[in-house]
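Below: one structure, written as structure tokens.
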Amino acid sequence: MDVAIHDGEDVFAKPKDKWTADGLEVTSFVFENAQETEDLNIFSPEMVYQQFGETESIFGYDNLSVRLHFSDVSLRFWPNIEYKQKFKSQDNEQGADDIIAFLCDKLPPDQKDTMILNRAKVAKKQEQFKPFGDMIRKLAVGNKEFEIYFVNKNSRTPESDRFVERIQHLGLFYIEGLQYTDEEDEMWINYFMYEVRKSHHGDGKTHYAIAGFISVYQFFNYPESRRARISQVLLIPTYRNLGLGPHLLQSVYRDLWSNPSIFDISVEDPSDNFHFLRDYLDCSNCMKLEEFSPTYLKKGFSDSLYQAALKNFKISKMQCRRVYEILRLKCTNEKNEVEMKSYRLDVKKRLEIPMRQKEKTWKKMKKTLSEDEYRQMIATQTSKEQKLDQLKQLYEQTVEPYYKTIKRLESYPLVMDEFSFPFEPYDIQLNLMRKIRECIEAGEIGIFESPTGTGKSLSVLCSTMTWLEEHERRKIEELEQRLASARTQSLQQEDRDDWIEAHRQKTKAQEEENEAMSEMERISRVTERLKMAKEGLVMENRKRKFVEDDDETVAPLQEQDECAPNDGYNSDEGSSTKIDEDVEEPLETVKIYYASRTHSQLEQLVEELKKTRFRPRIVTCSSRGTLCTNENVRKLKLNHLINEKCMELRRNKPSGEKKAKNNEKETKRKCASGKSCDFYNATQIEEVVNGILSCSTTATPQVLTKGKSVGGCPYYASRRAIPLCQMVLLPYQVLLHGPTRDAWGIKLKGNVVVLDEAHNVLNTIGALYSAEVGSKSLTIALKLIREYIDTYKLRLKAKNLLYMRHLQLVASSLLQYLTNSKSKEDEVMTIQSFVIKLNILEVNLFKLAAYIENVDLCKKFHGFYLRSQRNALNVKKENEKPKLSGIAKLMQKKEEKPTEREAEEPGLIPQALPSPLYSLKSFIDAMTNKCEDGRVLIERTAVNGPKARYILMNPADRLSEVVDGARSTVLVGGTMEPAELLIETLSRGSQKSGVKRFSCNHVIDDNQLLTLAIDKTVDGKIFQLNYQTRNDKQVLKSLSLTLNALLPQLPNGVVVFFPSYDFLFMFQKELENFGILNKMKEKKAVFVESRLPTSDVWEQFVRTAKTPKGAVLFAVVGGKLSEGINFSDELGRAVIMIGLPYPNRASVELREKMKFLDSKVAGGGAMLYESLCMHGVNQAIGRAIRHRRDYAAIFLLDERYAKDSVRSKLSSWISGRLRVANGFGDVIRSTKTFFSTK
Ligand code: SF4
């Protein structure tokens, strides 16, 4: 211990003042790190009464200095005490204070080693310090980097508890009344902020220094949530005045916001400084909310303000009132006396409340005291004038800090939280979010590439939601301005001499005012509706509408033949039986449509959203198969059957009017007998809608549970909630397929569309609008059509009978064309040529398609088909030897094999088969596309018999329906490159000019990725794998030897991608023949992807890749493992791409598509060809790096990867790091070096 003692003269005199030192003045701190011990700043404590008593004085030393040297990591310290003289009393009764004993007394319990003797030992330990708990944020302030961690009951350790105590020991010098907390109590959460420094030794190592600390205690809040109370806040003196406080507190806020069990956040006994910080942050956050806009603020404090602050930022009611007063003062014009007076009165009214409480007490006293006693009491009290004075003073004291906060808000707007990103965003994330916001605001189309692992989904969510919040807020401000300016305009006309012009201008202003007013009215109706949703009220008029809808569709049950034609149809008028359309335009709000490929991706998005502070009204468009709550319908399993059954049950639902006509018994009977659906009930459905609109149900499973619990259909509730939701999650097919979009009531106008994983978008549109029909289903359909006409021809009107005849003609001509040709060649033709070849020119395909759709012919045929089957089964029961006739007999012959599940559950077979008319209908629908947009492909040698396919050549028009309909479209994906084809398609179809492009780099450092183009094999041969060389045994041998040489250098899991299954299997065979496979197996376990389901191979690979020996997986580009599978960490320490996976040029479909594109744009076909190949490469190699801390090597085996033309089509984060290896020796050396540093 460095304690300098200077024993001076023996003093026997009475203590003099020189022996009493002011503890605050003589105590100082320095914070030392292992690398710097000189030129350190000296800091003073703010209080020392905990150590040196209430008087904060130290007795017995002349010229005393107590310097505490703290380690800036562990906060252990060593004191350095210096003085000129030490007091010694004559009788030895009063000696100098024992400073060390005083300091020791306040050390953390059981941690006396906090004060240390061996400084060198601490310095060593400092270097090895690693933060406790989990990192929640990383940020840079000035030229310093910081990380914030949190430790809760799950991550606390004895060491982290001891660390907290040492921080609290330092806090004794800074925080009034601080006490050590009981870390055993599981309700504590501790947050630590560290500065992260690079080692001065240049070894790339990182050192930490503690910069700040916040402890939070969680109290139970009845019935099941918690209230978070910020208890201790300490910024280490070295880090004060750097602006770190807002960062630290906002990070803690964010963490608490994202914790669903926390109800609100309060602060224990805040100091003035903390009040200032908290006000600044809370005001900055609330300023983003519409409820805190000047218009709302000037209306006074209300519950909606509090609810908004609570919902978004978990701000308590008392603090919300404070925020309101600050922000209202901020937007009050102080020169306007009326405004100022209104503000003063509002604040004073609040301040007066405790005084009024006192008045109540006085009244009580008057009742209980005698008159004399009461007079005496009054004499001691303040007069009314004095009270007013007090109130004035109180008001001034209250608003004084408000002005300070306002000044800070104006001088230093909170830019760090531009998008409320839950962590400190990296520059690339911030740029991406800014670009997306700009794109939406400008109403443009944007293509954004953000590699996996860079927080793409969070960036998209935060940027779109931030834009939406700003947009909603701006909208109201604009409307108010419009209204005010229209009114001023109108008033200004009063005094004009030119009364004709004045009248004209006044009318114009009046129109403007009416327009703004009606828009305002619409907004307030939305607000009212949302308020009702929160209060759980069911709208009466909606309830009525459901009933009306039902009335339109209900038919007498007893007379109903479900297969009989609906002969009310008139092709010239269209259908009169649309059943799910709102009569009046529903209330709508601006929204983000977020489309992704699969429902699981959408569910993940809901989880991501929970990490942010945004709590939009959100709904997912799931099918009836997912959302249906009627068990009898759900068990049908197949979507089309569930849909049909649901429609049928809804039609059978008795109307309210009929119920009123004493038909209740009948109603119950229908429901109980399964002829209607109890869940299709207006009141209960509205309850589920209210859950969605009040944000209490966000994910599909929650909507389902709510539907089950209240007895309302979640599917119809989801549909009805869409117009008022702020975010609608939907699978691609709902957004990109026009009829499905319309069926869901998706309105794009004025809204934003986000297409995730958008590299798939053109393929998806192609698949959605393509159709095929085979000879087998055509045969069944034709028979059915004939029997149907025979059965119902007397009930069909002449015109509708004609449609049925046309349908029969189309089916028979098509079947003949497929089966009667002697040619075995495939054929491609336009729709026009096809119609001519089929000789069906007299058929109006548009009208026929409309007829099939509007009279629900597929459903009727399905019923007809099932009836035929039932009849057939009955006949079978009656006769030992089944004598099936007609259609049933034919169907039995022609039916495709049942699926495995169907075979296990024979009862399902009749229900599970779709109506044979479906595929014919889809094909006829497809034939109504523009002639030049598609081709008909006749495949005569297809495995299941000849078939006709319609292929959409031109997805541009379909895509433009979406992008032109929406305000802005954001196409985002992990691997969007090469994007030329997409850009070309967008530009060709869309009316909007220009497509914005933005490609993010990766968040990883350069040392986390090794990317090598390998142009020579291990035996020095040029590496080129194309159709000509891939059968060459020498080439295959060189490839085998190269892989065999490379694999031992690669740790854990390695994935090798081949261009096709055929090539992979040929290579596998030769690998065995060359005798290399066994050698390879000695180094790594070998797995090969098969064409069959891969789960077994995948699971075995995952298990083995994590072992020290590791595993290699041979997979195929575009196969089951090249997209959607995560090869993170040990699963993919290296990805090797063999050759360039160009598609098969011999494919008729590809040839036609290329020809079509060539006709549209020069080089269009080649663009498609390149694009298919390079997308495959980017997708496959993009599997390697999956998160910020992942690392991997990528090897591209082919000389063509060294060429700029290929390289430029790789994702930018890969091409920017790509290096061409200088021979195979370089490959091995670079690989060894790369992995040795990991
Ligand atoms: S109304 Fe809803 S619950 Fe009833 S069958 Fe249809 S989808 Fe299922």
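What you see is a predicted model; the values in this text were computed from it and never measured. Order of appearance sets the numbers: ligands from 1, and atoms from 1 within every ligand. Each residue takes its place number in the sequence, starting with 1.
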With under 30° as parallel and over 60° as perpendicular, where do the rings of Tyr788 and Tyr792 fit, or are they tilted in between?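 Tilted.
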Which label fits Tyr769 and His737: parallel for a plane angle under 30°, tilted from 30 to 60°, or perpendicular past 60°?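 The arrangement is tilted - the two ring planes meet at 30° to 60°.
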Aromatic ring centroids of Tyr680 and Tyr716 under 6.0 Å?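 Under 6.0 Å, so yes.
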Return all side-chain donor-acceptor pairs below 3.5 angstrom for residues 701-711, not counting sequence neighbours, or 'none' if the list is empty.
residue	atom	partner	partner atom	Å
Gln702	OE1	Thr698	N	2.7
Gln702	OE1	Thr698	OG1	2.8
Gln702	OE1	Ala699	N	3.0
Thr705	OG1	Pro701	O	2.7
Ser709	OG	Thr705	O	3.4
Ser709	OG	Lys706	O	2.9

Which protein N, O or S atoms sit under 2.8 Å from atom 2 (Fe) of ligand 1?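 Counting only protein N, O or S atoms under 2.8 Å from atom 2 (Fe) of ligand 1, the list reads Cys713 SG.
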In terms of side-chain geometry, is the basic nitrogen of Arg525 or Glu528 positioned less than 4.0 Å from the acidic oxygen of its partner?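 Salt bridge flag = no for Glu528 with Arg525.
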side-chain contact (heavy atoms from CB on, under 4.5 Å) evaluation trace for Ile592 with Val728: CA-CA 6 Å; Ile592 314 289; Val728 178; over 6 Å; no
